[in-house]
Participant: 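I'd like to ask you about the structure that follows.
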Amino acid sequence: MTSIRSAFARQGLIRRADGAILGGVCVGVGRRLGLTPWVTRLLFLLVLVLVPGSQLLIYPVLWILMPNEESLTYPNEG
């Protein structure tokens, strides 16, 4: 699972604490795509309407697989 999380982190898919309502998934996906969190949430809602039940599976999976911002280790900046 750590290899999946590190691959997500390399691609910029990181759950953010700032602006998070539930798990920070929409904030992380939105930042990766260059969108605001609210636009990303609306797109998730639109996909939920078009494909019922899809977000009930996708969101928890992304919540588990995307690394949290606090769990990442950054080299000391000096």
Participant: State plainly whether one hydrophobic cluster holds both I58 and V49, where clusters connect Ile, Leu, Val, Met, Phe, Trp and Tyr through side-chain heavy atoms under 4.5 angstrom apart.
Facilitator: no
Participant: Between the main-chain N or O of L13 and the side-chain N or O of R31, is there a donor-acceptor pair closer than 3.5 Å?
Facilitator: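 No, R31 side chain to L13 backbone: no donor-acceptor pair under 3.5 Å.
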Participant: Of the non-hydrogen atoms in G23 and Y59, which two are nearest, and what is the gap between them?
Facilitator: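 That closest heavy-atom pairing would be N-OH, 3.3 Å.
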Participant: If two hydrophobic side chains count as joined below 4.5 Å and joins carry through other members, does L42 share a cluster with L50?
Facilitator: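 No, separate clusters.
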Participant: Tell me the closest heavy-atom pair linking F8 and L62, and the distance in Å.
Facilitator: CE2-CD2, 3.9 Å
Participant: Return yes if some donor-acceptor pair links the side-chain N/O of R15 with the main-chain N/O of M66 below 3.5 Å, else return no.
Facilitator: yes
Participant: Shared ILVMFWY cluster between W63 and V61, side chains joined below 4.5 angstrom?
Facilitator: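 Linked, W63 and V61 end up in one cluster.
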Participant: Applying side-chain contact (heavy atoms from CB on, under 4.5 Å) between V29 and each of L35, T40, L43, report the one that passes.
Facilitator: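 Single pass found, and it is T40.
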Participant: Is it the case that more than 12 heavy atoms not belonging to R32 sit under 6.0 Å from its CZ atom?
Facilitator: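 Open.
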Participant: Honestly curious: do V27 and W38 fall in one hydrophobic cluster under the side-chain, below-4.5 Å linking rule?
Facilitator: no
